[in-house]
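Contents: one structure, followed by commentary.
Within every chain, numbering begins at 1; the chains are lettered A, B, ... in the order of the sequence lines, protein sequences first and strands thereafter.
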2 protein chains.
Amino acid sequence: MIRDVDWSLYRSFLAVMEAGSLSAAGRRLRISQPTMGRHIRTLEAALGQSLFLRTPDGLSPTDAALALMPHAEALADAAGALTRAASGGRDAMEGNIRIAASEVTAAEILPPIVRGMMDRWPGLVIELAVSNSDEDVMRRAADIAVRMAPPRQDALVAARIGGFELGLYAHPAYLRGRPPVERAEDLRGHRLIGFDRPFAYTDLFRVAGKRIARDDFALRSDSDMAQLAAIRAGCGIGVCHAPLSGGLVRLLPADFAPEVEMWLLMHPDLRSLSRFDHVFAYLADALARHIAGPGGAAS
Amino acid sequence: MIRDVDWSLYRSFLAVMEAGSLSAAGRRLRISQPTMGRHIRTLEAALGQSLFLRTPDGLSPTDAALALMPHAEALADAAGALTRAASGGRDAMEGNIRIAASEVTAAEILPPIVRGMMDRWPGLVIELAVSNSDEDVMRRAADIAVRMAPPRQDALVAARIGGFELGLYAHPAYLRGRPPVERAEDLRGHRLIGFDRPFAYTDLFRVAGKRIARDDFALRSDSDMAQLAAIRAGCGIGVCHAPLSGGLVRLLPADFAPEVEMWLLMHPDLRSLSRFDHVFAYLADALARHIAGPGGAAS
DNA sequence: TATATGCCATTCATATATGAATGATCAGAG
DNA sequence: CTCTGATCATTCATATATGAATGGCATATA
């Protein structure tokens, strides 16, 4: 049936899918547009189905192409993981490492830690990717991930870093001149900051047993970083990691104090490269110390 | 650092790793030995490290190459999945489907079911792979898997087929002329058939609360198929799926009757190709009917 | 000891894939 | 309407990768 498709063709396919045109894809892969066109034509011939409709302003994918897309991405993830694994020496602390974390983690927690890593191992090249699912590690789109929940995938190297509290916080400037928040009912009439789309966290948002729904929020954002920034800017009352709450005022600590676990994940295939183990251990240690710091220490 | 490695080189790398020599790898990929040699040399140059030691009778992998191996396999799995997904039309019931199952399942349960599928959809090409881990589906080494335990991976399409019993069985020819087995203690002195290496099933092997250990087995095999064949050949007493126990005598049904669940798994990326959905549903239905047949019906 | 069969490296003529240049087409801006 | 900036398809000279053939080298086999 289908035989011996050159893997480079898949690469060109993916590039065209992402870039939207032969020319743009060619630029990205540093090959010429005619070559790119030939690759796609060859691939279509090999697979026996047409993958793109040629239009004056690019190639638009057929349904068949869309169906193949996730597989092509998996291929790219695996190729990326291989290149990262091959970068640097066998046991040397050099080469690329891709770390995935949530926005807040990447922006607020990791930078000083990464700084320390880079100082200690100057040969390392760190890539920070923002994402929220363990899938990244399973799919090898990232080597190591920091997550705020236990892994839902078996077969991953996982370390529980520790637990910390979430809390309701507001900036003093917001609270000034507004009715005090002393009981759960006092939240009515206040500006609440929360998620836009339902998330894992959504269920956590219960104050004194009552669930805060989407409509109760005066400011909605799916970016936890934007939420944090909004709280700090005095936009209203929102949820924030206790260890990150410096300068903010905690509200209703008795009514809202859900605990969150921090986990570190790694793909088992990376254990054979010692630098991943070292970075994993370094991160686990540094994150544990971060949690144990101000407001943490719940584990 | 490392830039723009042609994915075909990874393919050659994998072929050499598996074949053990440039010539053999070349034959497998239908390219010449000099070309294969050039590919490896190019890859080594691109990755900046030597991958093989050239010996008179082949290429032996360095540690670096061994470390890259799992990644290369992931790449091959993804490429295979892509080709399989691309084989056949978009919504047509034709093309390749790879089904993973344990030995016993593949040999005893699936054949008539697969026969039915092939009759119904003549365009389908079925590949039966023997394996025991959900990993296969997660890694996309198989499209659909039949498993005897709930999935340990989230993010898989999973259907619980039903439960059935395991039991202790022996062939009448074995039992003839031997002391009868009426209580758990009677097993002493009998020939037991069991696993060689510790497995998930090992823990199940408890008779009247007492665990049967490795040393108690007179015949050990990690192949469940070999065990079944041994029981049927009258080698001794062993564990067998109730639905497969035709012609055998059940022993100590009150003391040993652990329940096992059968699950069907599929990678979510395949849902967009309708033939995988259809085959999934067909398998789920046929397996459920198999279980509900003789000796099953525990769900 | 001679012979056969693996293997890899090298060479060199050839087939193949590539890129620059060109032309055609379309959409949007002035 | 015209011009600009995208796009893709085609052409053709060139660079590149390929395979057949060869030689050298080990290890089995008789």
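Between dT18(D), dT7(D), dG19(C), one nucleotide has an atom nearer to the side chain of I31(A) than all others, and that is dG19(C). Side-chain atoms of R27(A) lie closest to dT7(D) of the nucleotides dT7(D), dC8(C), dA26(D). With dT7(D), dT10(C), dA9(D) as the choices, the nucleotide that has an atom nearest any side-chain atom of R54(A) turns out to be dA9(D). Candidate nucleotides dC7(C), dT7(D), dG19(C) were compared by shortest atom distance to the side chain of T35(A), and dG19(C) ranks first. When distances are taken from the side chain of P34(A) to each of dA21(C), dC8(C), dG19(D), the shortest belongs to dA21(C). With dT7(D), dA9(D), dC7(C) as the choices, the nucleotide that has an atom nearest any side-chain atom of A24(B) turns out to be dC7(C). Checking dT18(D), dT11(D), dC8(C) against the side-chain heavy atoms of R38(B) singles out dT18(D) as nearest. Listed candidates were dT10(C), dT18(C), dC7(C). Nearest to the side chain of H39(A) is dT18(C). Considering only the side chain of L22(B), dA9(C) comes nearest among dG19(D), dA9(C), dT10(D).
When rounded to the nearest whole Å, the span between CZ of F52(A) and C1' of dA9(D) equals 17 Å. As rounded to whole Å, 11 Å separates atom C1' of dA17(C) from atom CG of D6(A). Rounded to whole angstrom, the span from the CE atom of M36(B) across to the P atom of dG19(D) amounts to 9 Å. The CG-C1' distance, from L9(A) to dT18(C), rounds to 14 Å in whole Å. Here the C1' atom of nucleotide dA9(D) and the CD atom of Q33(A) are 7 Å apart, to the nearest Å. Rounded to whole Å, the distance from CG on D57(B) to C1' on dA28(D) is 11 Å. If you measure from atom CZ of R41(A) to atom P of dA17(C), you get 12 Å, rounded to the nearest angstrom. What separates CD1 of I40(B) from P of dC7(C) is a distance of 15 Å, to the nearest Å.
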Q. Does the pair F52(B) and T62(B) meet the rule for a side-chain contact (heavy atoms from CB on, under 4.5 Å), with working shown?
A. CA-CA 5 Å; F52(B) 296 95; T62(B) 63; 5.6 Å; no
Q: Apply side-chain hydrogen bond (donor to acceptor under 3.5 Å, both in side chains) to S60(A) and T55(A), showing your working.
A: CA-CA 7 Å; S60(A) 83; T55(A) 76; 5.9 Å; no
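When the shell of 6.0 Å around CZ of R191(A) is examined, it contains 12 or fewer heavy atoms from other residues, nucleotides or ligands.
Residue S23(B) places none of its side-chain N or O atoms closer than 4.0 Å to OP1 or OP2 of dG6(C). In this structure, S32(B) does not reach the dT18(D) phosphate: none of its side-chain N or O atoms is under 4.0 Å from OP1 or OP2.
Using a 4.0 Å heavy-atom criterion, one finds that G58(A) contacts the sugar-phosphate atoms exclusively.
Within the 3.5 Å criterion, the main-chain N or O of S221(B) finds a donor-acceptor partner in the side chain of Q227(B).
Checking S223(B) against E103(B) by side-chain atom types alone, a donor-acceptor pair falls below 3.5 Å.
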